[in-house]
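First comes the structure, then the notes that go with it.
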Amino acid sequence: MLKFTEDHEWVRVEGEIGTVGISDYAQEQLGDVVFVELPDIGKTIAKGDEAAVVESVKAASEVYAPVEGEVTQVNEALNDNPGLINSDAQGDGWFLKIKVTDASQLEALMDEAAYKAYVEGLG
Amino acid sequence: MNRQGRPTHTHVGKGPEDTFTGDRGLMAEAKLIFEQDSPGACGVDLPRRDGPASTRLGNVPVRSHVGLPDLAEPRAVRHYTRLSQKNMSIDGQMYPLGSCTMKHNPRLNEKLARLPGFADLHPLQPLSTVQGALELIDTLAHWLKTLTGMPAVAMSPGAGAHGELCGMMAIRAAIDDRGETRTRVLVPESAHGTNPATAAALGFTVDTIKATDDGRVDLAAFKDRLGPDVAAIMLTNPNTCGLFERDIIDIADALHEAGGYFYCDGANFNAIVGKVRPGDLGVDAMHINLHKTFSTPHGGGGPGSGPVVLSDALAPFAPVPFVVHGPDGFRLVEHHGQDGEAEKSFGRMKGFHGQMGMFVRALAYMLSHGADGLRQASEDAVLNANYVLAGLQDKLTASFPGPCMHEALFDDRFLKGTGVGTLDLAKALIDEGFHPMTMYFPLVVHGALLIEPTESESRETLDRFIATLRHLADRAHDEDGAEAFLSAPHHTPRRRLDETAAARQPILRWTPETTQQEAAE
Amino acid sequence: MRYLPHTAADRTAMLAAIGVDSIDDLFKDVPAGALLSGPIDGLPPHEGELGVERALGRMAARNVPAGSVPSFLGAGAYRHHVPASVDYLIQRGEFLTAYTPYQPEVSQGTLQTLFEFQTQVAAITGMEVANASMYDGATACAEAVMMAARLTRRDRTVFSGGVHPHYRDVTRNLVDFTGGTLVEADPDPTGTETLLDLLDDQTACVVVQNPTLFGQVADLSELADACHAKGALLVVVVTEVVSLGLMTPPGDMGADIVVAEGQSIGNSLNFGGPYVGLFATRQRFVRQMPGRLCGQTVDADGKRGFVLTLSTREQHIRREKATSNICTNSGLCALAFTIHLTLLGETGFHRLAELNHELAIAAADRLSSIDGVSVLNSGFFNEFTISLPGPAASIVDRLAEEPILAGVPVSRLYRDRPDLAPLLLVAVTETTTEDDIERLAIALGREVAQ
């Protein structure tokens, strides 16, 4: 199940591994993504700390870790084809996988319905 | 840009309007110089070598190939003439680029900067041979100090952002000299991007202050943020919304009380020259963009010049070099501690002595205007911006109530539901023969349109500009009106450019392969 | 006032249209007491063109233009001949009075010249990419050191004793404020220093100049290898870019970043500014490069065009996370550089460099024939260091009265080093005549004999 943050990251946890990306709404706001900066594998990132950077033509945003964890994998495909984030933000356009240290942190995040309502509220 | 960063309305292939050559009358295509290589041709005549080459290059091998194209002078002159014709410019168009101050650039200033007595001086000539140059720097410094009401000025910074760096270095040095540690710099959210970048470059933490609903610094929020760790505030006044910060003296007083310094971003000084002296507002340091306020040409992106006026508290920390006037004429203090001076100077900002060529132009501008003309220029700049605001505020959505200072800020609420964005409107304005205003800055309003007409525009031009924007705003609301905007501009050497492709696969230089690919397509 | 279009009637009508009575109603947000009631005291009133020409002409006449006398001044600024068409073209209003090309559809002129500039800079330095210019060589050097620190995640910089002291000081200033370390070798007039002892595995970069401040030239390939073996970058400074027409470029010697002062091509001496900083590096480092970049793309009709690109590195988007706080480049000086280098081309650039070198050899041979004068460099391009029996500065001051601008005394740049006081930097360019060299030799011979 996807869980969302107010900063428009999503995380999908399967077992102890969480996959992290940015929401479809976020990619639409950014416009064409031209570059991503991914973290080093093995790095531990606290919840809310910078995990990656995503750049479009005229904007750059930090991607924050929705939950704490150690980076186990990054999506190398984005280096050659950052457009994946635009075409499939919540699928093939994932950023990184982390080994989640504290699954209870997930509870504070929004589910898909709550996130949808949240985005609509942003106007 | 459009939202996606790439043109959404494309048509590829020849249409009936296309010509055999690809040129369209006065609108000529221009190959790169590298595609015009005529090996052996040359645009300069240099004496031929008699006899074999002798070199004395130690162990360095002689270079056999550089990779430059050969062109005779007529081809080079035509090439760059054609390229120039692809630019909008102040000479040709109203250029109301907010925050950038695109005022008239007098040619007298160019003429004087080219006098051999200024242009042909080496920076390290004996001082006895450059007394007039030092006098010019000293005279310009006097004007800058008098106009700002400040006791000192550092002349060497090369541009506005460089001036910011200089001012913030002086602040860091003054704090260090007091034996204190202050790490936080307050920056309003409407600030130019250079402000947080400068503070961060010097290791300060940037603390953003919210704006009030009327587009100014929230005094209460500001006071809440003050503390013993605050080094400075970096505040633009008039601010980037084109508004005068009403509470500026209270802000300065509270800041000084807390031991911080007031850095004023002087980018908008052109609104108040001769009307208000920043020294009377409690400013400790302020850079002056000679290329904006005092009309040295922007030149397609520089060179600028950014002298920084300093308060008594910061003056001892000013960078070298500086000019001093002694019994034997003018001297240059070029070194830390030289002749017992510059003991506390924080160091050096730039090679040699600053942007002398810009100093000559700025002083020519000042002497031409005089005290009365500079004041009148500020008044006219403010008058013009308010005239635009008054002429448009029932049709476009003004972000804040007037009066404004030298620029009028609108946001994109008036375009809601039209399918036309700020960018599209700007591109349509290009087709109407105006350079667009600044877009999407400041960040504090949505889809910003920041219009700075400057004092150089006549009433007639302003009326035409206002009428054009009113017309475009109406057209955006027409049924099917959006289409024409989304595909604009049409009457330009190039239509919208694909910025996404440029950034995803950067091509930053010509290579022989580039030309081959072009030919193949 | 000739620059202000409004008449009094215009102003009155416009105030009425706005709905206020007086101009000061528009300044009502200025705190009471801070608004001045009339023109600032102590400054003169406006002046016609003739009056301004007289005032500034008087100041200009108090100076001795370098071109009016035999001049041998260099040390980072060089007097070369600039073809007349360069200054004509850069004064075209469409170049002179345009802003940064943020609207590419109506800025293709500026953008295409920047693309040509970037290509030329990459070519002459032997590097893969270059940016659209920096303020000057010294600030470009400081930015290169910052970039090396970002790339290596180290903060120790080693400076050769052959680098221009202004470049070192500008860099040191920024390094001090950002908490790094700068280690500096002793001034090196003869090019015999070895930097290997200063290089360690915490070093971000080594900065060397070629030709050095003292004119010495060297093959840097071994130093580049030594840097790379330690994981450090080699930054090469070039203050006389004409040398690149004759010498193997830094890129071919293994440099990672090349910074240069581009003034020699297209730009006057201008008493030190404005100049144009060149900045070139390897393709793989491009995202850590400071400054503006122009890139090639296509427009909506599929035609080739140019845009500013990778701007998310820059301050106006990245704010406190930008690679640098720099906003402007040195556009018009870069344009002059590009046009002059286009006129020179492959043929002219090479010949210009040869000519400078030939004249410098002739000058060095003539001056070293004087008793008491010796040339210190084993290899040089168009500038060399001579040693005199006494302080060079006093001889230079005396010769200035003749007037001959004999060169730059090293003490002007190294004030606290009496051991360097007898050294004089002598630069020779294509503007130097054989007669100039002879006059200098005779005058120096006379001074030295006294």
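To find a chain, count down the sequence lines: A is the first, B the second, and so on, and within it residues start at 1. As the structure is a prediction and not an experimental result, all values here were calculated from the model.
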Under 4.5 Å from a heavy atom of chain B, the part of Ile18(C) involved: both
Checked Asp176(C), Val276(C), Leu310(C) vs chain B; the most non-hydrogen pairs under 4.5 Å come from Leu310(C)
Decide whether a cation-pi geometry holds between Lys350(B) and Tyr135(C); the criteria are a distance under 6.0 Å from NZ or CZ to the six-membered ring centre and an angle within 45° of the ring axis. no
Heavy-atom contact with chain C under 4.5 Å, split by part of Gln376(B): both
Closest heavy-atom pair and its distance - Asn329(C), Gly331(C): OD1-N, 3.2 Å
Considering only heavy atoms, which portion of His104(B) lies under 4.5 Å from any heavy atom of chain C: side chain, backbone, both, or neither? side chain
Look at Glu135(B) together with Arg58(C) and state whether they make a salt bridge at an N to O cut-off of under 4.0 Å. yes
Who wins among Ala123(C), Gly305(C), Ala130(C) for the most heavy-atom pairs under 4.5 Å with chain B? Ala123(C)
Name the option with the most non-hydrogen atom pairs under 4.5 Å to chain B; the candidates are Val217(C), Thr342(C), Val20(C). Thr342(C)
Sequence neighbours left out, what passes side-chain hydrogen bond (donor to acceptor under 3.5 Å, both in side chains) with Gln338(B)? Give chain and number order. none
Counting heavy-atom pairs under 4.5 angstrom with chain B, the leader among Glu430(C), His350(C), Glu261(C), Arg2(C) is Arg2(C)
Is it the side chain or the backbone of Pro319(B) that comes within 4.5 Å of chain C heavy atoms, both, or neither? neither
I'd like to check the side-chain hydrogen bond (donor to acceptor under 3.5 Å, both in side chains) partners of Thr139(C); sequence neighbours left out, ordered by chain and number. Asp136(C)
I'd like to verify something: which residue of Val307(C), Leu344(C), Thr309(C), Asn173(C) has the highest number of heavy-atom pairs under 4.5 Å with chain B? Asn173(C)
Determine the option with the most heavy-atom pairs under 4.5 angstrom with chain B, choosing from Val298(C), Thr178(C), Val129(C). Val298(C)
Bottom line for Ser85(C): the part with an atom under 4.5 Å from chain B's heavy atoms is side chain
Sidechain N-carboxylate O distance under 4.0 Å for Glu105(C), Lys427(B): yes
